Amino acid sequence: MYMTVVLLSGAAGLFSQPQTGVLTFQQLDRNNDGVISLSESKQLPRLMAQFKDLDVDNSGGISRAEFDFFN
């Protein structure tokens, strides 16, 4: 099951890709370990640029909760 990402305010378009539509958490988490790593975030340069801000617990990855909170 894939979840559609809805973005608000200044984050609008953060996860948009014109050729593929919107990327979901599952699509970004390519190794299915439950977090988006810095290397996985490279799929979207704008996500990678905000990686440290999104990783609020400084775990080195963006968890589903962190991803959902900012969406």
Side-chain angles (χ1 to χ4, degrees):
M1 181 172 140
Y2 288 102
M3 175 184 246
T4 301
V5 177
V6 177
L7 301 167
L8 304 173
S9 71
L14 176 63
F15 301 104
S16 294
Q17 289 289 311
Q19 69 276 18
T20 60
V22 176
L23 292 177
T24 64
F25 183 87
Q26 291 87 356
Q27 291 169 318
L28 292 166
D29 180 18
R30 292 194 169 200
N31 65 356
N32 297 310
D33 66 352
V35 297
I36 299 169
S37 66
L38 181 59
S39 64
E40 290 169 328
S41 76
K42 292 178 182 177
Q43 298 172 77
L44 294 172
R46 293 175 73 187
L47 173 62
M48 190 176 77
Q50 294 187 10
F51 190 88
K52 288 183 180 184
D53 293 330
L54 295 172
D55 181 21
V56 295
D57 65 0
N58 297 312
S59 66
I62 299 170
S63 69
R64 181 59 185 249
E66 290 167 328
F67 182 84
D68 288 345
F69 180 76
F70 284 96
N71 288 306

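Just the heavy atoms: all of them, side chains too, but no hydrogens, waters or symmetry mates, feed the values below. It should be emphasised that the depicted structure is a prediction, and the values quoted were computed from it without experimental measurement.
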Taking the side chain as every heavy atom from C-beta outward, state whether Ile62 and Leu47 have any atom pair closer than 4.5 Å. yes
From Lys52 NZ over to Ser41 OG, what is the distance, rounded to the nearest 0.5 angstrom? 11.5 Å
To the nearest 0.5 Å, how far apart are OG in Ser37 and CE in Met48? 11.5 Å
Gln43 side chain vs Glu40 backbone, donor-acceptor pair below 3.5 Å: yes
Leu28 and Phe67, any side-chain heavy atoms less than 4.5 Å apart: yes
Could you tell me the separation between the OG atom of Ser63 and the CG atom of Asp29, rounded to the nearest 0.5 Å? 11.0 Å
Under the side-chain contact (heavy atoms from CB on, under 4.5 Å) test against Glu66, which residue among Ile36, Val35, Leu54, Asp57 passes? Asp57
